[in-house]
Every structure is written in C-alpha cells, then in structure tokens.
K.L.:
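This structure is in structure tokens; I'll ask about it shortly.
By convention in this document, chain letters (A, B, ...) are assigned in the order of the sequence lines, proteins followed by strands, and residues within each chain are numbered from 1. Note that the structure is predicted; figures quoted are calculated from it, not measured.
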Amino acid sequence: MTPDPGTPGQTAPGQPAQAAPALDVAGLCVDVDTPAGRIRLLDDVSLTVRPGERLAVVGESGSGKSVMARSILRLGDTYRTTGSIKVAGTEVTRLSERQMSRLRGSTVAMVFQDPLGALNPLQTIGEQVAEPLRVRGTGRQEAERAAAAILEELGVARAAERMKAYPHEFSGGMRQRVVLAMALIAEPQLLIADEPTTALDVRVQEQVIDLLHEVSTERNLAVILITHDLGIVAGFADRVAVMYAGRKIQDDDAGRLFREPAHPYARGLIEAVPRIDHRIEHLVGIPGVPPHPGARPSGCAYHPRCPFRMDICEVEVPAERPLPSGGTVACHLFALEGNAS
Amino acid sequence: MWIVRLVSRRVALGVITLIALAAAVFFISTLVPGDPARVAAGENATADQIAAARENLGLDKPVIIQFFLYLGRLLHGDLGMSISTHSPVTEGLFDALPTTFELVLMSIILMLVVALPAATIAALRRGGAGDQALRTSAVFTAGIPTFWLALLVQFFIGGKLQILPLSGAVSRQYSVDRVTGFMLIDATISGGAEAGWDAFLHLLMPSAVLAVLFGAQLFRALRTEIIRVLAREHIAVARSKGVPPLTLVMHHVLPNSIGPAITILGVQFGMMVGSAVLVESIFALPGLGSYLTNAVGSADVNALLGAVLVTGLVVVTASLVVDLLQAVRDPRVRAAQNGGGR
Ligand SMILES: Nc1ncnc2c1ncn2[C@@H]1O[C@H](COP(=O)(O)OP(=O)(O)O)[C@@H](O)[C@H]1O
Ligand SMILES: [Mg+2]
C-alpha cells in the first residue's frame, strides 16, 4: 500500500473532508462503577491533535493514559463516558457499536504495550495482518498481498513467506512490527500507541520509535504516543501532554516543555529523566506516589506532593490556562502570575 | 512431523495402560466368588461335564498362565467365548458398542449445542440476569443422580406428557436391519427418513439425560475460560482493528477458549460411557450397558474383561483424540511436539 497523505481513506457523509482535527476531545470524563462505588478515572480532559501531528502523552503509571486511549476507541465496556470525542470529525460517542467497529482500524487504530499478548496465538501472522481488510470485505488474495507489502515496508524481511508463521515464532521487536502493520493496513488517520516499547529491550525500543516516526511522516499519520518514559519523547513528539491523576495538567510544544516545564509536576518528571551526562545519584525524583482514582486529594490532586503548594491548591481545582508559549497549564501558580485570560 | 511423534508416543503409552488394565481386571475377577466352569456347563451339568468345561476354558491351569493365554489371544482380537451367551465376546461387543457410542456422541452434540452459546452469552453478559440463571441451573443439574434424573424424565416427558417415546431404540412398526449398528443410520436405511426420525426421537431423551449430567461441568469450564480470554489484550487488539462482534467471538474468543473444554470432554467421554450403562438399562437400549449387566450377573469373566477392556480402549483413544485436537487447534502444542522451533 502506498501512502496517500492528501486524502483520508474514507470520509463519513456529511463530515468535512479537510482540516478536521485527527482527534478532538472536549470535556471528557470517564467513570466506572466498582464494588466500592463510582470512581472517576478521567476528569474533564480536552485534547486536540492535528492531522499528521505527533503528540506524546506522559505521566506516571495510573494517571489515566490507557483509560483515555481506550475510551477514544470505545474499548472500555464498563466506562461511563461523558463529553465529546471527535475522531477525524466523527463524534464517536454517538455511534452504534456497528458503526464504531467500522471506524476502528480504518480511521483510528491502536498499538498496545505487550506485543506478544497483542497477537492471537492461534492465527498466522498473515491472517492477523490481513484481518482489518478482510472484515471490510476485501478478497483474501488482495488482503494478503497488502499484508505482505506493509510488513515488508515495516521491515519484516521475506514477509510473504513469514506470514505463514505464528506469533510465538517471532521475536519481540518483530511482533511489534506485526502489531504496527495490523494497525496501519486499513490506513487510519490517527494511531494511538499505548506504551508500545515498554515490553521491549532498549535497542529494539529505539527501532520501534524510529519506525513510528517514519510512518507518521510518510503517511501524514497523526500519532498519540503514550508513555511513562520521557526519554523516548524528545526525539519523537511535536507536542507533549502531561497527565496526572486523571487530568491533563500541561500541554505544550515538546521543545518548550523540556526547556521550561511550567507545571511543578512536569518539572519533577523532566528532572527525573536519567541523562547520560548526569550521575545516577543526581537523579531527582518526585517524592510520594500518585493517588488512587478512588481517593484523590481535594483541589489540585498534586498538592500533597507539590513543593510550591498554596492554600488555594487544597480547595480549588485549577482551570487550564493558556501559557505565553502557546501551551496550556492547570496550576494555581500561573493564575497568580497574571497569566489568566 | 508432529503428528507421527504425537500418535506413536500416545499409542505406546496406551498399550501399556491397556495391559495394566487387563491385568488388574483379570486378577480381580479371579477373586470373585462363583465358578465360571459350572456356569458354562449349564445348570444340570454332571461333574464330568463341569470338569470338561473347566479344561476347555483353560481354567485348570495356574492363574498367571491363564492371564498370558488371555493376552496372547487379545493380540489376535480374540476376547474369548462368552460363557453365558456361547458366542464370541468380540461379536457381542461389536453388537453393543455402536448403540452406546450413538448415545454418548448424541449427548456430546447436545452438550456443545447448548453449552457453547450459553457459556458465550453468560461470559459476555457476566453478572447479568441470564448469567445468574444459567449458573444457578448448572449448579443444580450437576448434583442430580443419574438414575433419578433418568427415571424422572422418563416418567414426566415419556409417561405423563407423552412428548417423547418412553423407551427402546425405535418403534416396533419399523423393522430395522443391522448395517452399521448405529440405529439412526440403520433405521434411515431400512425405513427412510420417517424411521430415522423415529429413532432420533427415541435417542433424544436418554442422550439429553446424559447431556444434562455432564453439560454443566462443560458450561462452567467454558464460561470461566471465555471470561479469561475476553480480558486478554489480543481481544482488545482485534476490536481495535475493526473486527465486528460475531467475528470476534467466532475467530478470536472461542478458538482460544475451547482448550479446557476439549480436555474435559475427553475425560468425560469415558465417564459418559460408564453412565450410559445406567441410562441404557432405564431406557431399554441394547448397548454396552446391558452387555455388562449380563456379564456381571452370570459371572461371565471373558465378557466382563472384554467390556472393561473395550471401555479402557475408548478412554485411551479419547485421550489421543484430545491431544490431536489440541495440536490441531494450537500451533504452540505442535511446536512442542516437534521439540520446539520449526
Ligand atoms: N475498568 C477499570 N475499573 C476500575 N479502575 C480502573 C479501570 N481501568 C483503569 N482503572 C484505574 O484507573 C487508573 C488509571 O489507569 P490507566 O489509564 O491504566 O493508567 P496509565 O496511565 O498507567 O495507563 C488506575 O488507577 C487504574 O487502576
Ligand atoms: Mg497504561
């Protein structure tokens, strides 16, 4: 399949074909009912991703990154979702399950963390890569040709032959290429990669991130890279969103975020990144642990760990405010400094 | 080739199992009170006639020699003469087995037809009203004694309501010639579709009884495994690829969930043949059950040994079939048979 950056693979009737953001999330809240009562996993998250843009979503584990990814594809069956999620202009919260499965794969696709767990152990690689086309009615031979082509493009040598192999016969890095091929074969406009490299060793991690960057550029594919590892973000992302305790607390151009992180939590995260030029002892972490969604602190959820905490932080949830740099931040410090609009 | 390794390994194991089984049953049977020679010679036999029968049957030789003689004959497919029917045991078993297989296979089909969709629905809607109802009935049915359920069903459905025939393999009006020994097939050959349907109706109640008894365990195993598989990441991945719900269940969920069910069915197969003995006698089906009952009643050692050995053979074969099915289903099992790798 040749990349075709100009026109989207398919356009829903009545939707603008051009200029619609690849993703437009507004006021997204996700709750789940647990035996201990209803808890809020995502709280008032808004996020926009332009076509072809690479956004990294970072935050400690448990901050709600995967919940956000799953709720965009509507994979969380127990989620109670409010707010708006528009994927390439289509409001997915209002789609029927059938319409939703047609959208999955062809408009928005996903890559998961564990490349072995992501593959059906009983089906051949070829069957699985061809499947997004097969379920859309493409003939077997044509789908298999397309599968071989995209595997080859993603660096699986002798693809036509190895399509007959099963997942357990592939190495971790190769499996992640297969998973990526499955996600890309139906030519989506948005790819969500949820910690795609966490389960891989360091050398392979780099290869996969480079590959993601490459397909994103070649196909004008918008990518959301979810990670708790800031080390892989710098070379990859145009923009970074920082999540904490189910909220987005900062959203900024990648370069600026690394140079001058506004939110104290973002600052802590960046200082916690191990650098080659830093000795390990100098690594500054953030003391404390992120709160459980069922027991979030009042006001700004970060306040118990924040070195700059003020009285207001304990009572009032900070609103998102624009930064002079063009990003946004949700922190009372910036209201005081007069950045409020 | 994985299939050659698997089959040869399992057949060797099976032969050892069967010899051990033959030995166990044979030596136990020599301890059973009752004189086979007296039984064989008939009720009014003289002492000479009994002695002749004893020599004839090899019963005058030491027990260990009797056993090796028996094993030697086994190799030729000779299970000896039944001392009650005066016909070869092999012949008697050959007549009886198809009826039992028909009953057990029909039960398994009924079990699968009910348990697979029921377990899928229960797992997909777990915690819901349907799931609760199905689970409760599964707990309930698993506790019922075989004969009790068989009699109850026969009394109400066959007797009171007269929905299904009370007992027997086929109605008297159809004269069925034995071709395959499987009543459904033979009745259809002899009397056409109408007779075949009649035989099917006769088979329905006894096989449903067996299915109810064994289906609950299958249902629970399937439900548990489907729930486990639904939580796996590759299911979420398949959904994220745009696989619609029905395809998801058929291509991804069920193939990954039926492993434990296949193993359970393999174990149940032998147990079902055992339970079929009881069900056959209640529903007057001429299967292995009635053959075994006769053999025990008349101290017919050869017939008893033959029937038990054949049951053992069925169990061994069932476990081979299970291993084959698992290997066909799962490429990792095939790889393990090949000693890993390709
Ligand atoms: N279905 C669910 N029910 C209850 N809690 C959940 C559910 N899914 C996720 N959570 C909780 O929500 C929080 C955020 O989870 P997640 O999005 O997976 O974090 P991460 O940022 O590491 O991807 C975690 O504390 C997790 O335990
Ligand atoms: Mg996660």
Side-chain angles (χ1 to χ4, degrees), chain A residues 66 69-70 72-78 97-125 127-136 162 164-169 175 178-179 181-186 188 191-192 194 199, chain B residues 2 120-128 130-131 225-263 324-342:
Chain A
S66 297
R70 286 171 166 264
I72 292 168
L73 276 101
R74 282 200 10 206
L75 293 174
D77 297 315
T78 57
E97 186 52 34
R98 269 183 72 133
Q99 293 169 314
M100 192 64 216
S101 40
R102 238 169 285 151
L103 195 85
R104 293 188 193 117
S106 65
T107 307
V108 53
M110 188 155 169
V111 171
F112 293 76
Q113 177 170 340
D114 171 15
L116 182 56
L119 295 168
N120 181 343
L122 308 184
Q123 285 187 345
T124 62
I125 299 295
E127 282 174 286
Q128 300 190 55
V129 176
E131 189 169 30
L133 297 182
R134 296 284 292 140
V135 297
R136 289 177 171 77
R162 296 179 76 187
K164 295 191 198 76
Y166 288 92
H168 72 267
E169 297 166 314
R175 281 181 209 138
V178 170
V179 170
M182 300 194 305
L184 295 179
I185 193 167
L191 177 73
I192 303 176
D194 189 356
Chain B
W2 60 271
T120 309
I121 289 166
L124 287 173
R125 306 229 181 292
R126 68 182 160 285
D131 182 28
E225 192 63 11
I226 292 173
I227 288 174
R228 244 167 48 85
V229 169
L230 280 173
R232 287 210 217 142
E233 197 151 83
H234 69 81
I235 299 299
V237 170
R239 290 180 69 195
S240 80
K241 295 194 308 191
V243 176
L246 188 63
T247 316
L248 187 77
V249 168
M250 301 306 285
H251 288 188
H252 295 276
V253 179
L254 286 184
N256 277 288
S257 308
I258 57 172
I262 292 175
T263 304
L324 282 175
L325 286 177
Q326 299 288 24
V328 167
R329 186 183 75 89
D330 192 337
R332 291 164 299 180
V333 174
R334 297 200 291 273
Q337 283 296 330
N338 284 337
R342 302 189 70 186

K.L.:
Checking side-chain contact (heavy atoms from CB on, under 4.5 Å) against Leu230(B), which of Val249(B), Thr120(B), Val253(B) comes through?
P.N.:
Val253(B)
K.L.:
Going by the rule side chain to side chain contact (heavy atoms under 4.5 Å, CB included), which residues pair with Ala327(B) if we only count those two or more places apart in sequence or in a different chain?
P.N.:
Trp2(B), Leu6(B), Val333(B), Arg334(B)
K.L.:
For Arg102(A), is there any backbone N or O sitting under 3.5 Å from a side-chain donor or acceptor partner on Arg136(A)?
P.N.:
yes
K.L.:
Checking heavy atoms, do the side chain of Glu97(A), its backbone, both or neither come under 4.5 Å from chain B?
P.N.:
side chain
K.L.:
At a heavy-atom separation under 4.5 Å, does Val108(A) approach chain B through its side chain, its backbone, both, or neither?
P.N.:
backbone
K.L.:
Which region of Arg74(A), side chain (C-beta onward) or backbone (N, CA, C, O), has a non-hydrogen atom less than 4.5 Å from a non-hydrogen atom of chain B, or is it both or neither?
P.N.:
backbone
K.L.:
If we define contacts as heavy-atom pairs under 4.5 Å, which of Leu116(A), Asp77(A), Leu103(A), Thr124(A) has the most with chain B?
P.N.:
Asp77(A)
K.L.:
Which bit of Ala118(A) comes within less than 4.5 Å of chain B, counting heavy atoms only: side chain, backbone, both or neither?
P.N.:
both
K.L.:
Between Leu254(B) and Ile226(B), does the side chain to side chain contact (heavy atoms under 4.5 Å, CB included) criterion hold? Intermediate values first, please.
P.N.:
CA-CA 7 Å; Leu254(B) 286 184; Ile226(B) 292 173; 3.9 Å; yes
K.L.:
Could you pull out all residues at least two apart from Arg232(B) that satisfy salt bridge (Lys or Arg N to Asp or Glu O under 4.0 Å)?
P.N.:
none
K.L.:
In terms of heavy-atom proximity below 4.5 Å to chain B, should Phe112(A) be classed as side chain, backbone, both, or neither?
P.N.:
both
K.L.:
Heavy-atom pairs under 4.5 Å with chain B: which of Asp114(A), Leu122(A), Val135(A) has the most?
P.N.:
Leu122(A)
K.L.:
Is it the backbone or the side chain of Leu119(A) that comes under 4.5 Å from a heavy atom of chain B, or both, or neither?
P.N.:
backbone
K.L.:
Are side-chain N/O atoms of Glu131(A) and His252(B) paired as donor and acceptor at under 3.5 Å?
P.N.:
yes
